[in-house]
A.B. asks: 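Below: one structure in structure tokens.
Chain letters run A, B, ... following the sequence lines, proteins first and then strands; every chain starts at 1. Computation of the quantities below employed the complete heavy-atom set of this structure, encompassing side-chain atoms and omitting hydrogens, waters and symmetry-equivalent molecules.
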Amino acid sequence: MNLKKNLQKLLTEAAQKAGFAPRFVVISSSKDEKHGDLSSNLPLAMAKAAKKTPMVIAESIIGYFEKNEKIIADVFPSPPGFINFKINPSYYQSLIREIIKAGNAYGQSELGKNKTANVEFVSANPTGPLTVGHGRNAVLGDTVANILENHGYKVTREYYFNDAGRQMRILGDSVEARYREIVDGSSVFPEDGYQGEYIRDIARKIQEEHGNNIKKGHSVFRKSAENDIFDEIKKSLKNLGIHHNKFSNEKTFYTSGAVEKVTSDLRNKGLIYEEEGATWFKTTELGMDQDRVLIKSSGEPTYRLPDIAYHINKVERDFDLIIDILGSDHVATYPDVVAAVKALNYKTDHFNVMIHQFVTLLKSGQKVKMSTRKADFVTLEELVNDVGGDVVRYFFIMRSMNSHLNFDLDLAADQSEKNPVFYLQYAHARICNIIKRGEGLEKDFMVDYDPSLLTHLAEIELLKTMEQFPEVMATAQNKLEPQDIANYLQDLAARFHRFYVDCRVITHDNDLSAARIALITATKIVLANGLKVLGISAPERM
RNA sequence: GCCCACAUAGCUCAGCAGGAUAGAGCGACUGCCUCCUAAGCAGUAGGCCAGAGGUUCGAAUCCUCUUGUGGGCACCA
């Protein structure tokens, strides 16, 4: 049973009996003890319509409020017109059994039961190693997928890449140029070529495997590069605990005829015209500010066309939720694709795009401009090796995706020992250690305990925080904002550390020890469940 | 010029389906280990929540404008 929902119901009933017609009843946690444990602004919100002062309304509603003594100890108004609830400590104390019983399931829900979701993320074309910038996308996507799974969704983690376009051709040309360089010193390096050292490595490997006489323009250059780079990308993701279970590429949409179908369908809708040798998509007709090219005068489609086919494909696979995680450089492109899918009468209201802002890298106080082409980047691999996967994941999750964040590499390496993620993990490790000590004692603490012994303020505060966990998880799913969980866990860990300092767990008082071991066991469960969703390890010792 | 996002402590950032005194980490300064891990706790200093209007009983939070930052406005993706 959910405390806030329960109060909402009781409060609504009381307000109705008092002759009001409340619409939205908001219950929030009180920051100040003077205002009880929870409070509602209902009288303030209703004052205007009811033409009464908030305090009068508050008194009147409270007069009709039927409080369940087992849960609610007191209901009282406070100026300018809040209704405050004092919760019976026994309610919080009783949570311990509930949490221990639920175990891994505490914080999970069935909001997504029998539903499917597709989360497309990373989706970097295999032209080079993943950068720190991709890391943000990767961690965000994987965590969103975790959140959905936590609520019962069956989630497909998907990676889409363009393997037919210009970028991959340039990649092949770049490799071939390096190959010629090695074989006979001749080389005309493409103007837009990829300059990274990894291109040379791939060329060298090709030379070793296939010898010196590969025909000009042979597909092995592009193909090998794609394979090798993809292997590296997958490895980098694996280091962060990220695994995609579906890879889609644009080529399949050409061979399947899906791309062709998009063009003809749009043409039938009158949304296509030819001009200056190119094929244009009449996006202005769909409310956009300019038309876009679908097929260049060279005959080569732009990324837009296969993207549309791909999104239609996702719709046809019949997910309940389709999520795209994109960097802010793609803000403008997404609406065109959705508009096309919608114009072709496919469902799009289950689309959900999450745009994250860029990561600005600072090295020795200098901005590092990231460009895969110029090989001017810090790889995700390097970063993970430097500070560890847990730190990287936490760093990207603790920030809102809307913030353009500065990542100071020197500082990150320097402070990795003091990183906030250790604060959470340390709380978990501390708990494990205490529990282990408890096991060595004669009494079997976990079997028999009396939670009503937990009356210290630090204990109640800790319990109150744990009570909020299911709601935090539900909200994170609703808003698709993983950082809510990170913030919550930070708060939970802080409550625990305070408790640890104030209340010794294992003492000569066996009864109190038993109750406290139960309390920290519950805390451990909540911490571990939260960390698991964030994809961060919960170490037993540090 | 147009579009999207952002602007909160010295630095990096939380808080934003409006609520009661604005938070954390790092950095600076004080205390706290004969006691379950001090990777911790308690405290001091540090803020006109970019600026100006507006909506509201109430605004860091919503709206408008200004300024500044990032990203976009390709027959690149």
A.B. asks: So, under a plain 3.5 Å distance rule, would you say the side chain of A/Asn41 forms a donor-acceptor pair with the base of B/G19?
C.D. replies: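 Answer yes: a donor N or O sits under 3.5 Å from an acceptor.
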
A.B. asks: Need the glycosidic conformation of B/A60: syn if within 90° of 0, anti if not. Which one?
C.D. replies: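 You should classify B/A60 as anti.
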
A.B. asks: Taking atom C1' in both B/C57 and B/A52, what distance in whole Å separates the two?
C.D. replies: 24 Å

A.B. asks: Give me the distance, rounded to whole Å, that separates B/A50 from B/C13 when you measure between the P atoms they each carry.
C.D. replies: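 Comparing P positions in B/A50 and B/C13 gives a spacing of 15 Å.
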
A.B. asks: Where the side chain of A/Met542 is concerned, which of B/C13, B/A39, B/G19 is the nearest nucleotide?
C.D. replies: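 Shortest atom-to-atom distance from the side chain points to B/A39.
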
A.B. asks: What about A/Asp491: does its side chain form a donor-acceptor pair under 3.5 Å with the base of B/A14?
C.D. replies: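 Result: no qualifying N/O pair found.
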
A.B. asks: Could you tell me whether the side chain of A/Gln425 and the main chain of A/Ser537 form a donor-acceptor pair under 3.5 Å?
C.D. replies: yes

A.B. asks: Roughly, in whole Å, what's the span from CG in A/Asp37 to C1' in B/A20?
C.D. replies: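 Computing the A/Asp37:CG to B/A20:C1' distance gives 16 Å.
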
A.B. asks: In plain terms, say whether A/Arg166 and A/Glu300 are close enough for a salt bridge, that is, a side-chain N and a carboxylate O under 4.0 Å apart.
C.D. replies: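 Salt bridge: no.
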
A.B. asks: Within 90° of 0 counts as syn, otherwise anti: where does B/C33 fall?
C.D. replies: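 Base orientation: syn.
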
A.B. asks: A/Asn402 CG to B/C4 P: how many Å, rounded?
C.D. replies: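 Atom CG in A/Asn402 sits about 14 Å away from atom P in B/C4.
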
A.B. asks: Let's see if you can work this out: which of B/C35, B/U12, B/A20 has an atom nearest to the side-chain heavy atoms of A/His35?
C.D. replies: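 Comparing B/C35, B/U12, B/A20 against the side chain of A/His35, the answer is B/A20.
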
A.B. asks: Are any of the side-chain nitrogens in A/Glu540 or A/Lys436 under 4.0 Å away from the carboxylate oxygens of its partner?
C.D. replies: no

A.B. asks: NE2 of A/His330 versus P of B/A5: gap in Å, rounded?
C.D. replies: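 It works out to 18 Å between those atoms.
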
A.B. asks: Kindly assign one of parallel, tilted or perpendicular to the pair A/Tyr160 and A/Phe253, based on the angle between their ring planes and the thresholds 30° and 60°.
C.D. replies: tilted

A.B. asks: Could you tell me the separation between the CG atom of A/Leu44 and the P atom of B/A59, rounded to a whole number of Å?
C.D. replies: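 Going from A/Leu44 (CG) to B/A59 (P), I get 13 Å.
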
A.B. asks: Among B/A77, B/C41, B/C13, which nucleotide has an atom closest to any side-chain atom of A/His497?
C.D. replies: B/C41

A.B. asks: Mind calculating the distance between CD1 (A/Ile397) and P (B/U12) to the nearest angstrom?
C.D. replies: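 It works out to 21 Å between those atoms.
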
A.B. asks: How far, in whole Å, is B/G15 from B/C76 if one measures between their P atoms?
C.D. replies: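 Per the computed distance, 39 Å lies between those P atoms.
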
A.B. asks: Do any side-chain nitrogens or oxygens of A/Thr507 fall under 4.0 Å of OP1 or OP2 in B/C36?
C.D. replies: no

A.B. asks: Please give the distance between the C1' atoms of B/G71 and B/C75 as a whole number of Å.
C.D. replies: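 Those two atoms are separated by 22 Å.
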
A.B. asks: Hey, does A/Arg304 reach any base, or is it just sugar-phosphate, or nothing, if we go heavy atoms under 4.0 Å?
C.D. replies: nothing

A.B. asks: On the 0 to 90° scale, with breaks at 30° and 60°, tag the A/Phe351-A/Tyr334 ring pair as parallel, tilted or perpendicular.
C.D. replies: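 Geometry flag for A/Tyr334 against A/Phe351: tilted rings.
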
A.B. asks: I'd like to know if A/Ser297 reaches the base of B/C75 with its side chain, counting only an N/O donor and acceptor under 3.5 Å.
C.D. replies: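 A donor-acceptor contact between them is present.
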
A.B. asks: Specify whether A/Tyr423 and A/His497 have parallel, tilted or perpendicular ring planes, treating 30° as the upper limit for parallel and 60° as the lower limit for perpendicular.
C.D. replies: tilted

A.B. asks: Tell me the interatomic distance from A/Ile325, atom CD1, to B/A77, atom P, rounded to whole angstroms.
C.D. replies: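 Checked: the CD1 to P distance equals 22 Å.
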
A.B. asks: Parallel, tilted or perpendicular: which describes the rings of A/Tyr159 and A/His244, with under 30° parallel and over 60° perpendicular?
C.D. replies: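 Rings of A/Tyr159 and A/His244: perpendicular, as their planes differ by over 60°.
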
A.B. asks: Rounded to whole Å, please give me the gap between CZ in A/Arg504 and P in B/C33.
C.D. replies: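 To the nearest whole Å, that distance equals 15 Å.
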
A.B. asks: With rounding to whole Å, what would you report as the distance between B/G43 and B/C26 at their P atoms?
C.D. replies: 15 Å

A.B. asks: Any donor-acceptor pair under 3.5 Å between the side chain of A/Ser78 and the base of B/A20?
C.D. replies: yes

A.B. asks: Sticking with atom C1', work out how far B/C49 lies from B/U8, rounded to a whole angstrom.
C.D. replies: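 Result for the C1' pair: 4 Å, nearest Å.
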
A.B. asks: Ignoring hydrogens and angles, does a donor from either the side chain of A/Glu300 or the base of B/C75 sit under 3.5 Å from an acceptor on the other?
C.D. replies: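 Looking at the base of B/C75, it does not pair with any donor or acceptor on the side chain of A/Glu300 (distance under 3.5 Å).
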
A.B. asks: Does a distance-only test, which skips hydrogens and angles, find a donor-acceptor pair under 3.5 Å between the side chain of A/Ser39 and the base of B/A20?
C.D. replies: yes

A.B. asks: Take atom C1' in B/C35 and the same atom in B/C41, then report the distance between them in whole Å.
C.D. replies: 15 Å

A.B. asks: Determine the interatomic distance between C1' on B/G58 and the same-named atom on B/G18; round to the nearest Å.
C.D. replies: 8 Å

A.B. asks: Under 4.0 angstrom, heavy atoms only, what part of the nucleic acid is A/Asn125 near: base, sugar-phosphate, or nothing?
C.D. replies: sugar-phosphate

A.B. asks: In whole angstrom, give the distance that lies between atom CH2 of A/Trp280 and atom P of B/C75.
C.D. replies: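 For the pair A/Trp280 CH2 and B/C75 P, the rounded distance is 5 Å.
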
